[in-house]
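Worksheet for the structure shown next.
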Amino acid sequence: MIATGIQLAYLSSAALFVLALRALGQPTTARRGMQMAAFGMLVAVCATLVDQRIVSYEWLIVGLVAGGVIGYPLGMWVPMTAMPQRIAFSHAFGALAATLVGVGEYMHGFHEGTLTYGKTVALGFEVFFGALTVTGSLMAFGKLQELLPGAPITFRGQNVFNLSLFAIGVICLVWLVVSPYDTAFFVAILAIGLAVGVLMVLPIGGADMPVVVSLLNSYAGLAAVATGFALDNNILIVVGALDGASGFILSMAMSKAMNRSFANVLFGAFGAEAGGPEATQAGASGEMVGIDADDAALRLAFARRVIIVPGYGLAVAQAQHQVRELADLLEKRDVDVRFAIHPVAGRMPGHMNVLLAEAGVSYDKLFDMEDINERFSDADVALVIGANDVVNPAARTNRSSPIYGMPILNVQDAKSVIVLKRGRGKGFSGVENDLFVSPKTNMLFGDAKQSITQLCVEVKQA
């Protein structure tokens, strides 16, 4: 009777997770989707707690309390600007849990003599991908938090070495299946997985972190699927499959949005500081023309249509609230204000959407690239805040550019462009931006938060 109830609870949880994923596809229903997902997880956890295999609850209670104490601050106090690295850190914890379960199940089976070929395959796969995700997520966290260099770190023969190491891990897994009680191969799988996670993220630049984070999410899902097979737990299999498939699909979609192959993201070392001859050839010619905050404010205040393009610089400056205030001031002057969101702007999927929503910007003001691109030609002013490569016309005009073919926002079609930028540095692609030296573009240099605050003051006085 208890077993049947548990399976019914798992089935209900799986249904809630599927419905939650569907709801997350629209901003207006995303909050409800998160609530359904949270309730589904609560049902799954409660069902697991009544499993007959649990003989003691002391350590489970300790784990629940510790998890709550750690999780609440991570969810409530970490600022939205730090959400990418928080997600990467969470991936590491989830993968660590799967890895430790795999290690514990293997040791239990080893001492009890119950290791079968099927269970060994699941445990080996779980530990390998779990360990890989732990170190890979920590590396991603380090780069996003700027504890590690954001530029790719490469060495000669790196891709060959990484693939060879991965192949050795697979060979060890196959050998472990043949000889389940040979613990040396199990330890080797764990060690190689940890090493591959570090080496996989090391050569990937900050510009590609959105893809890496979603890919690591996929790996965590695969580890959860393997855990489900090892423990004969249906909900882990279902949830892990949803997680793995959605993460992989998102990674592919974001690679497409950058017009780059998935292999190029993982092995191309895109964004290296030494851009090479191609990056040099792609440099824009011309001089950037500056503008004062009062002149920029006048141009915005007396415009009819303004399109704001947020980028990573907005997140770095934590200027989302000031941007919303500026948009509100312009709308009070009957200016039509819209936000143009590029799919890979920021450091995680939907980064700009999350920041602006946290600041209270209405969902109906946010437009995806496909929906807003045709409107730039009608805009009097395009205000670019900390975006670089996603607005670079070289992606369409310069075949020698590393970003050639990448879909971009049509900022260059606006009647005038104002770019807020900290300095004259290049983007992650290592090339200059043709937009910044265009005759219709003016640069407002400085910290974005301070610049927008000054714009707000000047707009009020206009």
Side-chain angles (χ1 to χ4, degrees), residues 27 79-83 288-342 345-347 350-367 372 375-376 378-388 390-391 409 411-412 414-425 433 435-436 438 440-462:
M80 285 295 175
T81 49
M83 201 52 60
M288 298 181 188
V289 179
I291 189 173
D292 295 329
D294 52 351
D295 291 335
L298 285 173
R299 192 181 300 180
L300 291 167
F302 291 98
R304 291 179 304 157
R305 297 181 181 89
V306 172
I307 297 179
I308 300 176
V309 180
Y312 183 56
L314 173 73
V316 172
Q318 300 188 31
Q320 63 271 27
H321 294 280
Q322 287 70 28
V323 170
R324 190 215 64 205
E325 181 184 356
L326 177 62
D328 290 343
L329 289 172
L330 293 176
E331 288 179 338
K332 288 180 181 179
R333 301 178 65 95
D334 294 326
V335 179
D336 179 21
V337 180
R338 302 174 187 230
F339 291 82
I341 309 298
H342 192 281
R347 289 297 175 271
H351 194 180
M352 296 300 104
N353 303 69
V354 171
L355 285 179
L356 294 172
E358 185 259 346
V361 177
S362 176
Y363 287 129
D364 59 8
K365 297 293 181 183
L366 309 182
F367 291 84
I372 196 70
R375 299 178 181 270
F376 275 101
D378 296 327
D380 297 300
V381 183
L383 182 64
V384 180
I385 307 173
N388 198 327
V390 298
V391 298
L409 293 164
V411 174
Q412 75 280 357
K415 295 179 177 65
S416 68
V417 181
I418 300 174
V419 178
L420 274 62
K421 201 169 183 292
R422 285 177 294 179
R424 299 175 182 268
N433 194 323
L435 178 71
F436 297 166
S438 169
K440 64 172 65 175
T441 300
N442 294 104
M443 309 294 294
L444 181 56
F445 293 109
D447 177 79
K449 189 173 185 178
Q450 296 177 3
S451 295
I452 298 171
T453 300
Q454 185 62 32
L455 287 175
C456 291
V457 173
E458 298 293 340
V459 168
K460 291 177 182 178
Q461 298 175 355

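These numbers come from the heavy atoms of this one structure, side chains and all, not from hydrogens, waters or symmetry mates. Keep in mind that this is a model prediction, so the values were computed, not measured.
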Considering all heavy atoms, the nearest [X]-[Y] contact:
{"X": "Thr441", "Y": "Leu435", "answer": "OG1-O, 2.8 Å"}
{"X": "Phe367", "Y": "Arg338", "answer": "CZ-NH1, 3.4 Å"}
{"X": "Val306", "Y": "Val335", "answer": "CG2-CG1, 3.7 Å"}
{"X": "Gln412", "Y": "Lys440", "answer": "O-NZ, 2.9 Å"}
{"X": "Val381", "Y": "Ala303", "answer": "CG2-CB, 4.1 Å"}
{"X": "Asp378", "Y": "Arg305", "answer": "O-CD, 3.5 Å"}

Look up atom [atom1] in [X] and atom [atom2] in [Y], then write down how far apart they are to the nearest 0.5 Å.
{"X": "Leu444", "Y": "Lys421", "atom1": "CG", "atom2": "NZ", "result": "12.5 Å"}
{"X": "Leu409", "Y": "Ile372", "atom1": "CG", "atom2": "CD1", "result": "8.5 Å"}
{"X": "Ser416", "Y": "Ile291", "atom1": "OG", "atom2": "CD1", "result": "8.0 Å"}
{"X": "Asn442", "Y": "Asp295", "atom1": "CG", "atom2": "CG", "result": "8.5 Å"}
{"X": "Ile452", "Y": "Leu314", "atom1": "CD1", "atom2": "CG", "result": "6.5 Å"}
{"X": "Cys456", "Y": "Arg324", "atom1": "SG", "atom2": "CZ", "result": "9.5 Å"}

Listed partners of Arg375 passing side chain to side chain donor-acceptor pair (under 3.5 Å), at least two apart:
none
Could you tell me whether the side chain of [Y] reaches within less than 4.5 Å of the side chain of [X], counting heavy atoms only?
{"X": "Lys365", "Y": "Val337", "value": "no"}
{"X": "Phe436", "Y": "Asn388", "value": "yes"}
{"X": "Val391", "Y": "Val419", "value": "no"}
{"X": "Leu355", "Y": "Pro310", "value": "no"}
{"X": "Gln320", "Y": "Met352", "value": "no"}

Is any side-chain N of the basic residue among Lys332 and Asp328 closer than 4.0 Å to the acidic one's carboxylate O?
no
Side-chain (Lys449) to main-chain (Gln322) donor-acceptor, under 3.5 angstrom:
no
Establish, for the pair Arg333 and Phe302, whether the NZ or CZ atom is under 6.0 angstrom from the six-membered ring centre and no further than 45 degrees off its axis.
yes
